[in-house]
**Q** 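Handing you this structure, nothing more for now.
The analysis underlying the following values was restricted to heavy atoms, covering all of them including side chains, and did not include hydrogens, waters or symmetry mates. Letters A, B, ... are given to chains in the order of the sequence lines, protein chains preceding strands, and every chain is numbered from 1.
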Amino acid sequence: MELTRRMVKYRISELLGEAVQQAQEKGLLHSATTPEIAMERPQLAEHGDYASSLPLKLARGAGTPPLPLAEAIVALIPPAPEVERAWAAPPGFINFSLSPAWLVGQVDAIIGQEEDFGNIDLGGGSRLQIEFVSVNPTGPLHIGHGRGAVLGSTLARVLGASGHRVVTEYYINDAGTQIETFHRSLFARYQQALGRESPVPEDGYVGDYLLDLGRELAQEHGDRFLLLPQEEAMPELGRMGMERMLARIRSDLELLGVTFARWFSEGDLYRDGQYQKAMQLLRQGGFVEEREGALWFASTALGESKDNVLVRSTGAPTYFATDIAYHYNKFVERGFPRVINIWGADHQGHISRMKTAASAMGVDSARLNVIISQMVTLRRGEEIVKISKRSGDIITLREVVDEVGPDVCRFFFLTRSPDAQMDFDLELAKKHSDENPVYYIQYAHTRMCGIVRHAAEKGRELEGGDVRLLSHEAEQALIRKLLLLPEVVELVTVTLEPHHLPRYSLELAAAFHDFYTRCRVVSRDKALTDARLKLVKASQIVLARALTLMGVTAPERM
RNA sequence: GCGCUUGUAGCUCAGCGGAUAGAGCGCAGCCCUGCGGAGGCUGAGGCCGUGGGUUCAAAUCCCGCCAAGCGCGCCA
């Protein structure tokens, strides 16, 4: 089992490594010039399944032209059951093709592994925290937040598949000035609902959702809060309002298939004294300076372009200071060896100073990965829809999800790489929703299930098929695609870019549709039927896994 | 002004050092007396923003320029 879980890619590069070592022993290559042996996937089928350009890189140092060098190395490659043939190709590539017998055997291996297929062990069971969304609970989520949410939840699933113990977390900013602004705005709306003249503050939140929330609270609690002193009433009402905002955020996210292992409250940083400990740590390192009545993080000394305020002259800590405390909590208190944050594009300037702060606390900044999820501009055809929380005309994430559905929404976000800005055209999303690639992929899955159902009706079972009968070109091409899932999991883990997953799913679906049109599964040939049913089953396992990793449903019927 | 990100087919986007640059949509055709046609096949369509450089090899790396987005608060 362990052997089949190892990617062929590494098996082949191992074989090549052995050949290179032999070449060195025979004096064909200098031992000093041993490079890393990377395998590539050639674009053209005639170049095999895997290829290496090693001879091209070694030629100069070896004093031999690349092609003869490639030929010499090929001659030293030990035979292996996985490899059908290894050959040199101009200008100096070494190509490998997989053995059909071995390939076909993988169908049984996949069925044996079931939904464990695709799992790899890059993480070695190490703990990893991934924090995302973390929107202030002062308003509903919009489309841009949805992108971060989908990105984070998919990454969490993939990192879990690659052998990490992943903890997903939402950081709740429930202290600070924006929260006060929220309190004041809500209190005004509450008063208005009770017929009082009370304008929303200049810098307040004017969205309709607060109007509704104010009305809701007024209905439930009457004028109770008007009878209290305002400095008592406002925070209490505010707290209730915020709880409702959070509940709403939570349910919006659930609608998109996004859940969190932990909701971490900013307030806990103060209650547990972690804020103080973090600041103490910075002070000990000599990174804190008092100037103009405020406390500054002296980051210029650490290569930053400017210093940043930690504690205002009013005595109130800045967002930056609490974020430092939060990261102190992640790295020092909870001891996560690695932390991933997904931030919106507007936080991009915050990355380098946060990393600097981590180093100042003695945490290797390489342990902190920050992914920026770029802007999403929402539009209806030509019209650009503003998504500012303060202006009234927000289209919420929930509205978008209701309109296009969670699967389309997730897939749409996942197809783009995180650092590319994107347009979300509602009109287009709706218009093309039934020609959407998601449906193409899901349809492939229902086809697989349909065939298995059909076979069952005819009394055929999945037992006992002989995979050696799978000799058709389309069958082997499909198996090749199936075997790529672990490589994709690896790629997403290394790059932290989930967009390779939808690409792969699309290719897999295409390979299956092609197989379907060219190879009749359920036929009078019972032996072939059984063998092909196995391939269908293996395909279904792999495609379902790919869809699950993306958080997209794998329907049996559509 | 400085920093980060982006510029690839009509549109939305992959590819980010390797052998003839890809997909979906759109467009022009073709394919069912069998497992769901939400499918398959064929075709048209690209000086990979631009000018230099590095390399055996550049859409991919480096530098300049042009264009777009986002940052550069004792906001978060």
**Q** Considering just the side-chain nitrogens and oxygens of A:His47, establish if one lies under 4.0 Å of OP1 or OP2 belonging to B:rG18.
**A** no
**Q** For A:Thr138, is there any backbone N or O sitting under 3.5 Å from a side-chain donor or acceptor partner on A:Tyr209?
**A** yes
**Q** I'd like to know whether the aromatic ring centres of A:His350 and A:Phe320 sit less than 6.0 Å apart in this structure.
**A** yes
**Q** Does A:Glu292 reach a base, just sugar-phosphate, or nothing at all? Heavy atoms under 4.0 Å.
**A** base
**Q** Output all residues satisfying ring pair (Phe, Tyr, Trp, His ring centres under 6.0 Å) with A:Phe411, sequence neighbours left out; order by chain, then residue number.
**A** none
**Q** Treat primed atoms plus P, OP1 and OP2 as sugar-phosphate and everything else as base, then score nucleotides 31-37 of chain B 5' to 3': B for base contact with protein heavy atoms under 4.0 Å, S for sugar-phosphate contact only, - for none.
**A** ---BBBS
**Q** Return whichever of A:Asp423 or A:Ser313 has its heavy-atom-nearest nucleotide of RNA chain B closer to the 5' end.
**A** A:Asp423
**Q** Distance under 6.0 Å and angle within 45° of the ring axis: does A:Arg85 meet both against A:Phe96?
**A** no
**Q** Using whole Å, report how far CZ of A:Phe182 lies from P of B:rA76.
**A** 17 Å
**Q** For A:Glu180, which contact category applies under a 4.0 Å heavy-atom criterion: base, sugar-phosphate, or nothing?
**A** nothing
**Q** Regarding A:Pro66, tell me which of base, sugar-phosphate or nothing describes its non-hydrogen contacts under 4.0 Å with the strands shown.
**A** nothing
**Q** Contact class for A:Leu44 (heavy atom, under 4.0 Å): base, sugar-phosphate, or nothing?
**A** base
**Q** Does the structure show a Watson-Crick or G-U wobble partner for B:rC47, both distances under 3.5 Å? Name it, or say none.
**A** none
**Q** Base, sugar-phosphate, or nothing for A:Ala294, non-hydrogen atoms under 4.0 angstrom?
**A** base
**Q** To the nearest 0.5 angstrom, please state how far the CZ atom of A:Phe287 sits from the CD1 atom of A:Ile324.
**A** 11.0 Å
**Q** Does the B:rC74 base have a donor-acceptor partner in the side chain of A:Thr318 within less than 3.5 Å?
**A** no
**Q** Determine the contact category for A:His513: base if any of its heavy atoms lies under 4.0 Å from a base atom, sugar-phosphate if only primed atoms, P, OP1 or OP2 are that close, otherwise nothing.
**A** sugar-phosphate
**Q** Write down the distance separating the C1' atoms in B:rG7 and B:rA59, rounded off to the nearest Å.
**A** 12 Å
**Q** Apply the ring pair (Phe, Tyr, Trp, His ring centres under 6.0 Å) test between A:Phe132 and each candidate in A:Tyr170, A:Tyr171, A:Trp343, A:Phe260; give the one that qualifies.
**A** A:Phe260
**Q** Taking the minimum atom-to-atom distance to the side chain of A:Gln421, which one of B:rU5, B:rG22, B:rA19 wins?
**A** B:rU5
**Q** Are a donor atom and an acceptor atom from the side chains of A:Glu266 and A:Tyr319 found within less than 3.5 Å of each other?
**A** no
**Q** From B:rC41, B:rG18, B:rA19, pick the nucleotide closest to the side chain of A:Asp514?
**A** B:rC41
**Q** Report which part of the nucleic acid A:Thr177 touches: base, sugar-phosphate, or nothing (heavy-atom distance under 4.0 Å, all strands).
**A** sugar-phosphate
**Q** Over all strands shown, is A:Leu506 touching base, sugar-phosphate only, or nothing at heavy-atom distances under 4.0 angstrom?
**A** sugar-phosphate
**Q** When both hydrogen-bonding distances must be under 3.5 Å and the geometry is Watson-Crick or G-U wobble, what is B:rG26 paired with, if anything?
**A** none
**Q** Out of B:rU5, B:rG39, B:rA14, which has the shortest distance to the side chain of A:Gln374?
**A** B:rU5
**Q** Which of the following nucleotides, B:rG39, B:rC74, B:rC70, is nearest to the side chain of A:Val309?
**A** B:rC74
**Q** Is B:rC25 in the syn or the anti form, by the rule that syn lies within 90° of 0?
**A** anti
**Q** So if I take residues 345-354 of chain A and measure heavy-atom distances to RNA chain B, which residues fall below 4.0 Å?
**A** A:Ala345, A:Asp346, A:His347, A:Gln348, A:Gly349, A:Arg353
**Q** Are the ring centres of A:Tyr275 and A:Tyr270 closer than 6.0 Å?
**A** yes
**Q** With both distances under 3.5 Å as the test, what is the Watson-Crick or G-U wobble partner of B:rC2?
**A** B:rG71
**Q** Regarding B:rG3, can its base be found pairing with the side chain of A:Lys306 as donor and acceptor, where the two atoms are less than 3.5 Å apart?
**A** no
**Q** Whole angstroms only, please: what is the CG-C1' distance between A:Asp419 and B:rG7?
**A** 13 Å
**Q** Using a cut-off of strictly less than 4.0 Å, decide whether A:Tyr440 has a side-chain nitrogen or oxygen near OP1 or OP2 of B:rG40.
**A** yes
**Q** Looking at every strand, decide which applies to A:Ala316 at a 4.0 Å heavy-atom threshold: base, sugar-phosphate, or nothing.
**A** nothing
**Q** State, to 0.1 Å, how close A:Leu549 and A:Thr154 come at their nearest heavy-atom pair, and which atoms those are.
**A** O-CG2, 3.4 Å
**Q** Paired with B:rC61 by Watson-Crick or G-U wobble geometry, both distances under 3.5 Å: which nucleotide is it?
**A** B:rG53
**Q** Cation over ring, A:Arg447 on A:Tyr516, under 6.0 Å and within 45°?
**A** yes
**Q** Check the pair A:Lys534 / A:Asp530 against salt bridge (charged side-chain N to carboxylate O under 4.0 Å, His left out), numbers first and verdict last.
**A** CA-CA 6 Å; A:Lys534 272 191 164 176; A:Asp530 289 347; over 6 Å; no
**Q** Applying the 5.5 Å / 30° rule, does A:Phe93 stack onto the base of B:rA19?
**A** yes
**Q** Of the nucleotides B:rA38, B:rA14, B:rU5, which has the atom closest to the A:Ser417 side chain?
**A** B:rA14
**Q** Describe the nucleic acid contact of A:Asp307 in one word from base, sugar-phosphate, nothing, applying a heavy-atom distance below 4.0 Å.
**A** nothing
